[in-house]
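A short worksheet on the structure shown next.
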Amino acid sequence: MDLENQKRVKEFAEQYGPENVIVIIGAAEAEAAGLAAETVTAGDPTYAGPLTGVQLGLAVYHICEEAVKNEVDEGVYDEQISMMEMVLDVDEIVKEMETIRSQYSKY
């Protein structure tokens, strides 16, 4: 997750309260999704950004997870995400996201 996005997430969590913020990730690989998820829950593991040492514990999901997919308008999902979903290893991404949530998420 780039530094600007870390800053935005931190500001939203401070403004609205971490219990009211959900982060949706769209990374194409499980490792990248996991790194972004870890950043918004446990803090920046690269020690380079605004979330270094900041444990927000935010709820975090990947756009291809059923919990998110079911909340998105079906036509919009089909138009914007479904092509990407066909080439991703969705099971691996979901497993990574579940692991991060079980370890770090507070909400």
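Numbers here simply count residues along the sequence, with the first being 1. Just so you know, these numbers use all the heavy atoms, side chains as well, and skip hydrogens, waters and symmetry mates. Since this is a predicted model, take the numbers as computed values, not measurements.
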To the closest 0.5 Å, what do you measure between [atom1] ([X]) and [atom2] ([Y])?
X: E85; Y: D78; atom1: CD; atom2: CG; answer: 9.0 Å
X: E38; Y: Q55; atom1: CD; atom2: CD; answer: 10.0 Å
X: R8; Y: E11; atom1: CZ; atom2: CD; answer: 9.0 Å

For E4, which of Q6, M1, K7 qualifies under side chain to side chain contact (heavy atoms under 4.5 Å, CB included)?
K7
So do the side chains of [X] and [Y] get within less than 4.5 Å of each other, counting heavy atoms only?
X: E92; Y: E96; value: no
X: I63; Y: M84; value: yes
X: H62; Y: L88; value: yes

Among residues at least two apart in sequence or on other chains, which ones pass salt bridge (Lys or Arg N to Asp or Glu O under 4.0 Å) with E65?
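Checked E65 against salt bridge (Lys or Arg N to Asp or Glu O under 4.0 Å); matches are R101.
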Could I get the full list of salt bridge (Lys or Arg N to Asp or Glu O under 4.0 Å) partners for K10, not counting sequence neighbours?
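Here no residue qualifies.
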Among the clusters formed by ILVMFWY side chains lying less than 4.5 Å apart, do V68 and Y107 turn up in the same one?
no
Can you hop from L3 to L56 via hydrophobic side chains spaced under 4.5 Å?
no
Considering all heavy atoms of both residues, which atom of S105 and which atom of A59 are nearest to each other, and what is their separation?
OG-CA, 3.7 Å
Quick one: name the residues clustered hydrophobically with [X], using the 4.5 Å side-chain heavy-atom rule over I, L, V, M, F, W, Y, and just say none if it's on its own.
X: M86; result: M83
X: L35; result: none
X: Y104; result: I100

Within the supplied structure, the quantity of interest is the number of heavy atoms (other residues, nucleotides, ligands) at a distance under 6.0 Å from E74 CD; does it exceed 12?
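Open.
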Is it the case that over 12 heavy atoms from other parts of the model lie below 6.0 angstrom from the OH atom of Y77?
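Correct, the count exceeds 12.
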Extract all donor-acceptor atom pairs below 3.5 Å that involve side chains of residues 13-29 and protein atoms in other chains or at least two apart in sequence.
unit_1: N20; atom_1: ND2; unit_2: Y16; atom_2: O; d: 2.7

Does the T41 side chain pair with the main chain of L58, one donor and one acceptor, at a distance under 3.5 Å?
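No, the answer is negative, given that no donor and acceptor are paired below the 3.5 Å cut-off.
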Give the intermediate values and the outcome of side-chain contact (heavy atoms from CB on, under 4.5 Å) for residues I81 and C64.
CA-CA 8 Å; I81 309 297; C64 292; 4.1 Å; yes
